[in-house]
Novice: 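Can you read through this structure? Questions will come right after.
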There are 2 protein chains.
Amino acid sequence: MNSAPDSSIETILERMRAGGGRITKKRIRIVQVLMQFEHPASADEIRQKAELPETDLVTVYRNLEALQGIGVIQRIPLENGTQLFELTAPGEHYHHLICRECHQAERLDLCIGKEVLGRAKAHGYSQITHVMEVYGVCKDCDSDS
Amino acid sequence: MNSAPDSSIETILERMRAGGGRITKKRIRIVQVLMQFEHPASADEIRQKAELPETDLVTVYRNLEALQGIGVIQRIPLENGTQLFELTAPGEHYHHLICRECHQAERLDLCIGKEVLGRAKAHGYSQITHVMEVYGVCKDCDSDS
DNA sequence: TTAACTAATGAAAGTAGATTGCATTAGAGG
DNA sequence: CCTCTAATGCAATCTACTTTCATTAGTTAA
Ligand SMILES: [Mn+2]
Ligand SMILES: [Mn+2]
Ligand SMILES: [Zn+2]
Ligand SMILES: [Zn+2]
């Protein structure tokens, strides 16, 4: 009769509900897939892993947009103009080490948020965010001569 | 009869020549425009400022690509998937404070290069670079309610 | 349960920035 | 000049993403 700790998908769905969103099969599946991924993924990778007979890419994009709106996921803009998506803990955000060849991304424990905030405010800016990603060639891709 | 300090356009053109490149009117003009800009600019902004009767956008892109190849300019990938270009001193690179509304970008004196390099190497990565850009809304755009 | 409301979805078309293919032009060297 | 080929312009293409709109399916409450 007590409510569970809710570190699960229910927390996220409840957040969407609170914002007036409906809980659909596709939406549940997309959130599940995001939870399964260990690395940031592209919209198309998410669609592929979803495996519901037909999940249109546009549906994935719309759900990702909605999820970002409530702070459940983070969008990672890559050098090449594309983006990856990653589930984030409440109030958190992450930075990554990304392979330029295979686009695999692993989380980096490093943030310049504090330094940046002061500077940006001093320049008269508001609503400050930052992007920081490290690029290189991973061991695997490097050995593939 | 002595060679000038060469902090001018000649240094850059010489670098292109050294790489087997030709010195064309369009190319000179594009470099001039890059030198005139005080802020990072998009390919199309560069084309517009060039003002040669007809400079095709594709020519601007190709020259920017070549200039980046010899380290004369830096490419700044934005959150929205587009990119800006900026002349950089030899061996240097810069980070910026960018307005999400008007896309104006000013240079920030802040770099995490050192911290990043060690981490990335520890993960087995090579050819390491990093992107770091701060976003916000500038005073002008903020007052435009 | 069922009806009504409307958010979510899918199919198709559209967008924007950047890139490619190819015929033509024009640097650079002899 | 003449030759060689890099650079250019134009058009077509690409790709990631967005918009439009008709249809489907959650949600709520009668
Ligand atoms: Mn950070
Ligand atoms: Mn740096
Ligand atoms: Zn790799
Ligand atoms: Zn602004």
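By convention in this document, chain letters (A, B, ...) are assigned in the order of the sequence lines, proteins followed by strands, and residues within each chain are numbered from 1.
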Novice: Think Lys26(B) has a side-chain N or O under 4.0 angstrom from the OP1 or OP2 of dG9(D)?
Specialist: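 Yes, Lys26(B) has a side-chain N/O under 4.0 Å of OP1/OP2 on dG9(D).
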
Novice: dA16(D), dG27(C), dG9(D): which one has an atom nearest the side-chain heavy atoms of Lys25(B)?
Specialist: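 The answer is dG27(C), which lies nearest to the side chain.
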
Novice: To check you understand the geometry: which heavy-atom pair defines the closest contact between Ala43(A) and Val60(A), and what is its length?
Specialist: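 Ala43(A) and Val60(A) have their closest heavy atoms at O-CG1, 3.6 Å.
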
Novice: Please work out if Asn63(B) contacts a base, only the sugar-phosphate, or nothing of the nucleic acid, heavy-atom cut-off 4.0 Å.
Specialist: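 The answer is sugar-phosphate, as Asn63(B) gets under 4.0 Å only of primed atoms, P, OP1 or OP2.
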
Novice: In Å and rounded to the nearest 0.5 Å, what is the OG1 to NE2 distance from Thr82(A) to His103(A)?
Specialist: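 Result: 6.5 Å between the selected atoms.
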
Novice: Would you mind telling me which of dT9(C), dA16(D), dT20(C) lies closest to the side-chain atoms of Arg62(B)?
Specialist: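 When the side chain of Arg62(B) is considered, dT20(C) is the closest of dT9(C), dA16(D), dT20(C).
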
Novice: Rounded to whole Å, please give me the gap between CD in Glu65(B) and P in dA6(D).
Specialist: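 In whole Å, dA6(D) P and Glu65(B) CD are 16 Å from each other.
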
Novice: For the side chain of Ile23(A), counting heavy atoms from C-beta on, which of dA26(C), dT27(D), dG10(C) is nearest?
Specialist: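 When the side chain of Ile23(A) is considered, dT27(D) is the closest of dA26(C), dT27(D), dG10(C).
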
Novice: Over how many whole Å does the gap from Arg27(A) atom CZ to dA25(D) atom P extend?
Specialist: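 Distance check: Arg27(A) CZ to dA25(D) P gives 15 Å.
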
Novice: If only side-chain N and O atoms of Gln83(A) are considered, is one of them under 4.0 Å from the OP1 or OP2 phosphate oxygen of dC17(D)?
Specialist: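 Looking at the OP1 and OP2 atoms of dC17(D), one of them is under 4.0 Å from a side-chain N or O of Gln83(A).
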
Novice: Rounded to whole angstrom units, what separation is found between the CZ atom of Arg75(B) and the P atom of dG17(C)?
Specialist: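 Rounded to the whole Å, the gap is 15 Å.
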
Novice: Measure NE2/His103(B) against P/dG17(C) and give the value in whole Å, please.
Specialist: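 The distance from NE2 of His103(B) to P of dG17(C) comes to 10 Å, rounded to the nearest Å.
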
Novice: Rounding to a whole Å, what distance do you find between Leu64(A):CG and dA16(D):P?
Specialist: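 Result: 15 Å.
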
Novice: Closest approach to the side chain of Val58(B), judged atom by atom: which nucleotide of dT27(D), dA11(C), dC10(D) is it?
Specialist: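 Among the listed nucleotides, the one closest to the side chain of Val58(B) is dC10(D).
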
Novice: Of Ile76(B), Leu67(B), Leu64(B), which is the lone residue that meets side chain to side chain contact (heavy atoms under 4.5 Å, CB included) with Phe85(B)?
Specialist: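 Of all the options given, the one that passes is Leu64(B).
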
Novice: Assign Leu57(B) to base, sugar-phosphate, or nothing according to its heavy-atom contacts below 4.0 angstrom with the strands shown.
Specialist: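 Answer is nothing: Leu57(B) stays at 4.0 Å or more from every strand.
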
Novice: Starting from P on dA6(D), measure out to CD1 on Ile70(B) and report it in whole angstrom.
Specialist: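 Rounding to the nearest Å, CD1 of Ile70(B) and P of dA6(D) are 16 Å apart.
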
Novice: Figure out the CD1/P separation between Ile30(A) and dT9(C), and round it to whole Å.
Specialist: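 These atoms are roughly 7 Å apart.
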
Novice: When we call it a touch if two heavy atoms are under 4.0 Å apart, what does Gly81(B) touch: a base, just sugar-phosphate, or nothing?
Specialist: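 No contact at all - Gly81(B) keeps every heavy atom at 4.0 Å or more from the nucleic acid.
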
Novice: Determine, for Phe37(A) and Lys49(A), whether the Lys NZ or Arg CZ falls below 6.0 Å from the six-membered ring centre while staying within 45 degrees of the axis.
Specialist: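 Judged by the rule (NZ or CZ under 6.0 Å from the ring centre, within 45° of its axis), Lys49(A) counts as positioned above Phe37(A).
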
Novice: Counting side-chain heavy atoms from C-beta on, which of dT8(D), dA25(D), dT5(D) comes nearest to Arg22(A)?
Specialist: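 Closest nucleotide to the Arg22(A) side chain: dA25(D).
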
Novice: Measure the distance from OH on Tyr61(A) to P on dT15(C) and round it to the nearest whole Å.
Specialist: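 The answer, rounded to whole Å, is 18 Å.
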
Novice: Would you say Thr24(B) places a side-chain N or O within less than 4.0 Å of OP1 or OP2 belonging to dA7(D)?
Specialist: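 Looking at the OP1 and OP2 atoms of dA7(D), neither is under 4.0 Å from any side-chain N or O of Thr24(B).
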
Novice: Choosing from dA11(C), dT6(C), dA7(D), which nucleotide comes nearest the side chain of Asp56(A)?
Specialist: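 Nearest to the side chain of Asp56(A) among the choices is dA11(C).
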
Novice: Could you check whether Glu65(A) pairs with Arg62(A) (Lys NZ or Arg NE/NH1/NH2 to Asp/Glu carboxylate O, under 4.0 Å)?
Specialist: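 So Glu65(A) does not pair with Arg62(A) through a salt bridge.
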
